[in-house]
Amino acid sequence: MRLNTYCTSCKTDFKIKSQATTRPELQMEKGDEFILNCNHCGKNEKKHINDVKAEIDNNILIGAVIVGIIATVFLWIYFGAIGTVSVAVPLFVWQQQMSSVKTFNAFMIKRK
């Protein structure tokens, strides 16, 4: 899962560096409002925690596909057709990512 927000002046998206998996965790880490510096236009902005949106991280999905392919080849060589079950690894990772993104984006913090 990747956390993004946008700059209101230049309309570019940028990533927020955080390991928070839920909005309350991000709130405990950053506070209700935090200041971000846009790398594109250089403007400092105050962003509310609700302005942050989660998206699926494609790098994790690509890694899961690679692991799934390697596991399928390895298991196919040693165990035969039952090795094709490991093709489901990327599907499980994608499902987990979708669930995390949906959970993060569904919960909002009350504005003060």
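All residue numbers refer to positions in the sequence shown, counting from 1.
Checked by atom type and distance alone, the side chain of Arg23 pairs as donor or acceptor with a backbone atom of Val52 at under 3.5 Å. Between the Glu25 side chain and the Thr21 main chain, a donor and an acceptor come within less than 3.5 Å of each other. Between the side chain of Asn50 and the backbone N or O of Ile109 there is at least one donor-acceptor pair closer than 3.5 Å.
Relative to the six-membered ring of Tyr6, Lys47 meets both conditions, a distance below 6.0 Å and an angle of at most 45° to the axis.
Rounding to the nearest 0.5 Å gives a distance of 9.5 Å between OG1 of Thr22 and CD of Gln27. Atom CG of Leu26 is separated from atom CD1 of Ile16 by 6.5 Å, given to the nearest 0.5 angstrom.
The nearest pair of heavy atoms linking Cys7 to Phe14 is N-CE2, 3.7 Å. Looking at every heavy atom in both residues, Leu3 comes nearest to Ala20 through CD1-O, 4.1 Å. Here the closest non-hydrogen pair linking Gly31 and Ile49 is O-CD1, 3.7 Å. When all heavy atoms of Met1 and Ser100 are compared, the closest pair comes out as SD-O, 3.6 Å.
Listed by chain and number, the residues in a side chain to side chain contact (heavy atoms under 4.5 Å, CB included) with Phe74 are Tyr78 (sequence neighbours excluded). Every salt bridge (Lys or Arg N to Asp or Glu O under 4.0 Å) that Lys46 has, sequence neighbours left out, goes to Glu33. Under the salt bridge (Lys or Arg N to Asp or Glu O under 4.0 Å) criterion, Asp13 pairs with no residue, sequence neighbours left out. A search for side-chain hydrogen bond (donor to acceptor under 3.5 Å, both in side chains) contacts involving Ser9 returns nothing, not counting sequence neighbours.
Counting heavy-atom neighbours within 6.0 Å of Asp32 CG, excluding the residue itself, gives a total above 12. Counted within 6.0 Å of CZ on Phe34, heavy atoms from surrounding residues, nucleotides or ligands total more than 12; the atom is thus considered enclosed.
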Stepwise side-chain contact (heavy atoms from CB on, under 4.5 Å) check, Asn37 with Glu45:
CA-CA 6 Å; Asn37 184 18; Glu45 288 189 63; over 6 Å; no
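Taking the charged nitrogens against the carboxylate oxygens, Lys30 and Asp51 have no contact shorter than 4.0 Å, which rules out a salt bridge.
Here the side chains of Asn44 and Leu36 are not in contact, with every heavy-atom distance at 4.5 Å or above.
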Return a table of donor-acceptor pairs under 3.5 angstrom between the side chains of residues 54-69 and protein atoms on other chains or two or more places apart.
unit_1 : atom_1 : unit_2 : atom_2 : d
Glu55  : OE1    : Arg2   : NH2    : 2.9
Glu55  : OE1    : Asn4   : ND2    : 2.8
Asp57  : OD1    : Asn59  : N      : 3.4

Side-chain donor/acceptor pairs under 3.5 Å, residues 87-95, sequence neighbours excluded:
none

